[in-house]
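Report on one structure; see the data block that follows.
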Amino acid sequence: MRYTHFGEKQQFIHPLSSAIREIVSIFEQMGFSVAAGPERETEHYNFDALNVAKDHPSRDMQDTFWLGSGHVMRTHTSPVQVRYMESHQPPIRVIVPGKVYRNEATDMTHEAQFYQLEGLVIDTDVSIAHLKGTLQTFFKAFFGGSDVEVRFRPSYFPFVEPGLEVDMRLVGENVPPKLKDRWVEVMGAGMVHPRVLSGAGIDPKRYRGFAFGSGIERLCMLKWSIDDVRLFHTGDIRLVSQFPIQK
């Protein structure tokens with residue numbers, strides 16, 4: 001714990017904890033609830049219920065920590081969305097910040113354990129335009145831009161159709177230098193696949209929805225110009241001491 005020149009104790013917060021608190025606050029102001037679920041997950045919720053085919057590469061050993069007896073360390077927080085849909089009726093607005101695991105090599109941009117943010121909206125009249133507006137509102141609040149542009153590029157994720165890669169560009173005085181006037185890829189998203197809705201007990205003929213997901217470390221790296229994702233998990237107090245708690 002660091003001391004100020006006046007003898008008062010200065011308290012600090014880990015940047016991931018700070019980011020998660022801020023993310024939750026932003027989405028709660030937009031009417032979202034917050035959900036959590038098990039990190040030791042069943043194959044059904046981690047893959048089957050999300051329309052991931054039996055031969056999909058993400059099931060292979062290089063991507064997934066298999067625990068035996070049909071269980072894995074969850075590879076994303078999307079299983080929590082399925083569990084939430086099974087126990088809640090639309091309209092649904094929920095975010096899921098939480099820890100996930102990938103069986104991959106560690107480098108400056110990859111970790112075997114990291115945090116992910118997922119969002120889900122289900123209602124009778126939901127479109128990609130609503131997805132875009134939601135993300136613009138979040139990016140503007142989280143990154144401090146006075147103007148936010150969002151663009152979508154086609155992509156593929158088994159649990160959404162269509163699948164989208166999300167890029168953003170921030171313009172303004174308070175934008176982090178790494179982001180100012182640049183298009184940056186920040187997350188994946190799309191419209192929830194009808195099979196995922198029906199599998200969770202929601203009528204896809206009546207309801208539609210969108211989902212989005214991003215690594216929280218990725219958002220932190222962009223917000224604070226941190227170049228190595230491994231810094232978040234080393235326990236180095238020099239990183240934490242740069243993030244004082246604002247009183």
When rounded to the nearest 0.5 Å, the distance separating CD1 of Ile23 from SG of Cys220 is 6.5 Å

Are the side chains of Leu197 and Asp203 in contact, using a 4.5 Å heavy-atom criterion? no

Are Met168 and Leu131 connected in a single hydrophobic cluster, I mean Ile/Leu/Val/Met/Phe/Trp/Tyr linked by side-chain heavy atoms less than 4.5 Å apart? yes

Quick one: does any side-chain atom of His233 pair with a main-chain N or O of Phe114 as donor and acceptor, under 3.5 Å? no

Is Val186 reachable from Trp183 through a run of I, L, V, M, F, W or Y residues, each pair having side-chain heavy atoms under 4.5 Å apart? no

Heavy-atom side-chain proximity of Glu43 to Lys54 below 4.5 angstrom: yes

Out of Leu16, Val100, Thr77, which residue meets the side-chain contact (heavy atoms from CB on, under 4.5 Å) rule with Tyr115? Leu16

Assigning hydrophobic clusters by single linkage (Ile, Leu, Val, Met, Phe, Trp, Tyr; side-chain heavy-atom cutoff under 4.5 Å), is Phe27 placed with Phe143? yes

Mind checking the CG-CG spacing from Leu135 to Leu164? Nearest 0.5 Å is all I need. 10.0 Å

Looking at Phe212 versus Phe139, is the centre-to-centre ring distance below 6.0 Å? no

What one should report as the nearest heavy-atom pair of Met221 and Asp228 is CE-N, 3.9 Å

Would you say Arg153 has more than 12 foreign heavy atoms packed within less than 6.0 Å of its CZ? yes

Short question: side chain of Asn51, backbone of Pro158 - any donor-acceptor pair under 3.5 Å? yes

Do the side chain of His130 and the main chain of Ser127 share a donor and acceptor less than 3.5 angstrom apart? yes

Any Phe152 side-chain heavy atom under 4.5 Å of Pro162 side chain: no

Does the pair Arg169/Asp147 count as a salt bridge with the N-to-O cut at 4.0 Å? no

Check whether any side-chain heavy atom of Met85 sits under 4.5 Å from a side-chain heavy atom of Leu120, and report yes or no. yes

Quick one: do Leu117 and Ile95 satisfy side-chain contact (heavy atoms from CB on, under 4.5 Å)? Show the steps, please. CA-CA 7 Å; Leu117 168 69; Ile95 59 166; 4.1 Å; yes

How many angstroms lie between CD in Glu39 and OH in Tyr101, if you round to the nearest 0.5 Å? 3.5 Å

Is there side-chain contact between Phe243 and Ser18, with heavy atoms separated by less than 4.5 Å? no

Roughly how far, to the nearest 0.5 Å, is the OG1 atom of Thr64 from the CD atom of Glu41? 12.5 Å

Measure across Gly209 and Ile122 and return the closest heavy-atom pair with its distance rounded to 0.1 Å. CA-CD1, 3.7 Å

Rounded at 0.5 Å granularity, tell me how far OG1 in Thr75 sits from CZ in Phe65. 11.0 Å

Other residues, nucleotides, ligands: >12 heavy atoms within 6.0 Å of Arg21 CZ: no

Correct closest heavy-atom pair for Asn46 and Arg74 would be OD1-CA, 3.3 Å

Side-chain ion pair, Glu185 and Arg218, N-O less than 4.0 Å: no

Give a yes or no on whether the backbone of Glu165 and the side-chain of Ser155 come within a donor-acceptor separation of less than 3.5 Å. no

Taking the side chain as every heavy atom from C-beta outward, state whether Ile92 and Ile202 have any pair of such atoms under 4.5 Å apart. yes

Charged tip of Arg83 within 45° of Tyr45 ring normal and under 6.0 Å: yes

Shortest non-hydrogen contact from Val94 toward Ala35: CG2-CB, 3.6 Å

Is the Phe157 to His76 ring centre distance short of 6.0 Å? no

Taking Trp66 as the starting point, is it possible to reach Val52 by hopping between hydrophobic residues whose side chains are less than 4.5 Å apart? yes

Polar side-chain atom of His44 near backbone of Thr42 as donor-acceptor pair, under 3.5 Å: no

Show, in sequence, the C-alpha distance, side-chain angles and deciding distance for Leu67 and Arg40, and conclude whether the side-chain contact (heavy atoms from CB on, under 4.5 Å) test is met. CA-CA 8 Å; Leu67 303 177; Arg40 178 181 181 271; 3.6 Å; yes

Could you pull out the closest heavy-atom pair between Val96 and Gln81, with the gap in Å? CG2-CG, 4.3 Å

Pairwise side-chain contact, Phe138 with Leu219, heavy-atom cut-off 4.5 Å (strictly under): yes

CD-CD distance between Glu111 and Glu217, expressed to the nearest 0.5 angstrom: 7.5 Å

If every non-hydrogen atom of Met191 is compared with every non-hydrogen atom of Val126, which pair is closest and at what distance? CE-O, 3.6 Å

Do Val196 and Phe47 land in one hydrophobic cluster if side-chain heavy atoms of ILVMFWY residues count as linked below 4.5 Å? yes

Okay, side chain of Asp123, backbone of Asp125: is any donor-acceptor separation there less than 3.5 Å? no

Side chains of Thr137 and Thr134: does their closest heavy-atom pair fall under 4.5 Å? no

